[in-house]
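Heads up: the structure comes next, in structure tokens.
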Protein chains: 2
Amino acid sequence: MNVRDFKNKIYAELAGITKALANPHRLEIIELLAQGPCPVEYIVDNTSLTVANASQHLQTLKSARLVTSKRRGKYSYYSLASIKVFEVWNAMRDLGFSQNAEIEKLLKEFRESHHNLESVTCSQLLERIQQGKSLLLDVRPRKEYKSGHIASALSIPQDELIEKLKELPRNKEIVAYCRGPLCAMADNAVEMLINHGYKAVRLESGFPEWKSKGLPVEQ
Amino acid sequence: MNVRDFKNKIYAELAGITKALANPHRLEIIELLAQGPCPVEYIVDNTSLTVANASQHLQTLKSARLVTSKRRGKYSYYSLASIKVFEVWNAMRDLGFSQNAEIEKLLKEFRESHHNLESVTCSQLLERIQQGKSLLLDVRPRKEYKSGHIASALSIPQDELIEKLKELPRNKEIVAYCRGPLCAMADNAVEMLINHGYKAVRLESGFPEWKSKGLPVEQ
DNA sequence: CGCACATTCAATATATTAATTGAATGTTGT
DNA sequence: ACAACATTCAATTAATATATTGAATGTGCG
């Protein structure tokens, strides 16, 4: 095989993988699966997809070897094939945030609609935890917490927060985190905490970003 | 704007960027541009694309803000919009190399056709250079060398190598590098050097990978 | 077994992407 | 101004991707 044929084939394969990623719904699925394995139904509940369509997108991801599936009882549990899949998505999102004016505008609007809440980075959070300064709150659904969370984090899903406010200390800063920078759950939690007189900020990114940096996680 | 609309818009934008990458020719263009800025003509000479088609692909990349262009005289010089573009491609390629059986097979066949030549990683190379053990050879076209190369590398383009063999020491190991892991120039150079009795290996990756790791470069 | 439910499959209509062709634009040097 | 050349544009055809629909498959439970 000559070099040109070799290159054509390799680039075609790599473009195939990239094409499998190049769809808004599939990117959203990747981000959900980065929280942990889940059935098709869970993806449907957390996106605007129909069942058949979600399944179809998952097949596309599966045949590009970006996700794997395992049947357990009635459900097919889908997972990311490797942490590298998340890393590609992370690099892509990072590129988008820095290059695309439209994305920048959307993010700015979104933050403003949440009154420009303060956020902390992973390394800032790590420091605060080590110094015992902050209480860490995982506001994702409990299932996601159970399939992996930041070390020392407490699980209070967003919709249970109002009932459990009393359990939280008023003198300590609370850091809430969720699925990632595009997820609004932490923003909502922080907003509510502040409205009730607590001191709270959100983690800029989320659990998968923390994990992919090799920072301490628990299960 | 509600969260669902926000997400739909953000993911659509990010998928747009990903779509711009999701084509074999455009991936190859990205890899070429990672060597440094160049005109359309140069891309045509180094791929199997026609002029109009190359230009069209460049427009696609440009409107996704992955590349920029600047007219200088008769030529439009295209460049990567940011090192992040290369980083995404790098992460993607890495994912492909690790997940895709077809790619693995192609790479294996390719290496075998080059008699399984030895290669060194960036960190191994750095060590060898620091210890003065190896002579470093940039076998890319001189223009690419001039727009940036690994510190202390000598420029001998692949097609001039045969004439300049005498200038090289026989007692020192020679490390040849080129555009990256998918480029055959370093393999060809190493093969020729070995056939003429020199001790030679290739750098596993290439200049852009070295540079993106923050290792020493010159211009 | 057969019902309920999660998922997948197959077929179709629509929308998007890509290569090709030839013409148009912009720039240099005479 | 014009000849030579690099690049871009516009139009066409062919190929591919996507959402939707309804039917089919697979699994647990009564």
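In what follows, chains are A, B, ... by sequence order, proteins preceding strands, each numbered from 1.
- Each of A52(B) and L58(A) has a nearest nucleotide on DNA chain C; the 5'-most of these lies closest to L58(A).
- Between dA17(D) and N23(A), no contact under 4.0 Å exists linking OP1 or OP2 to a side-chain N or O.
- Considering every non-hydrogen atom in both I103(B) and I17(A), the closest pair reads CD1-CD1, 4.3 Å.
- Computed from coordinates, the I29(B) CD1 to dA18(C) P distance equals 11 Å when rounded to whole Å.
- Phosphate contact (OP1/OP2 of dA18(C), side-chain N/O of R26(B), threshold under 4.0 Å): present.
- Closest-nucleotide positions on DNA chain D for E41(B) and K19(B) were compared, and the one nearer the 5' end corresponds to E41(B).
- We find that CG of L27(B) is positioned 11 Å from P of dA18(C), with the value rounded to whole Å.
- Here A54(A) lies out of heavy-atom contact (under 4.0 Å) with every strand.
- Residue contacts shown for V51(A) include a base, since a base heavy atom lies under 4.0 Å away.
- Aromatic ring pairs are classed by plane angle as parallel below 30°, tilted from 30° to 60° and perpendicular above 60°; the pair W89(A) and Y11(B) is parallel.
- Going from atom OH of Y77(A) over to atom P of dT8(C) covers 13 Å, rounded to whole Å.
- Rounded to a whole Å, the NZ atom of K74(B) is 8 Å from the C1' atom of dT27(C).
- Across the protein-nucleic acid pair, D45(B) atom CG and dT7(D) atom P stand 10 Å apart, rounded to whole Å.
- Classification of the F110(A)-F6(B) ring pair by plane angle, with boundaries at 30° and 60°, yields parallel.
- In this structure, the CD atom of Q59(A) is 15 Å from the C1' atom of dT18(D), given to the nearest Å.
- Using a 4.0 Å cut-off, no side-chain N or O of Q56(B) falls inside it from OP1 or OP2 of dA19(C).
- Residue Y78(B) places at least one side-chain N or O under 4.0 Å from the OP1 or OP2 atom of dT8(D).
- Look at H57(A) and you won't find any side-chain N or O under 4.0 angstrom from OP1 or OP2 of dA17(D).
- Taking atom CG on N53(A) and atom P on dA6(C), their separation rounds to 18 Å, with Å as the unit.
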Please determine whether side chain to side chain donor-acceptor pair (under 3.5 Å) holds for the pair K62(A) and S69(A), giving the CA-CA distance in whole Å, both sets of side-chain angles, and the decisive distance to 0.1 Å. CA-CA 8 Å; K62(A) 196 178 169 183; S69(A) 72; 2.8 Å; yes
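- For the pair S76(A) and dT8(C), the criterion of a side-chain N or O lying under 4.0 Å from OP1 or OP2 is met.
- For the pair Y75(B) OH and dA4(D) P, the interatomic distance rounds to 16 Å; values are reported in whole Å.
- Where A22(A) and G73(A) each meet DNA chain D at their nearest nucleotide, the meeting point lying more 5' is that of A22(A).
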Salt bridge (charged side-chain N to carboxylate O under 4.0 Å, His left out) between E31(B) and R179(B): does it pass, once the steps are laid out? CA-CA 8 Å; E31(B) 187 138 86; R179(B) 290 171 180 158; over 6 Å; no
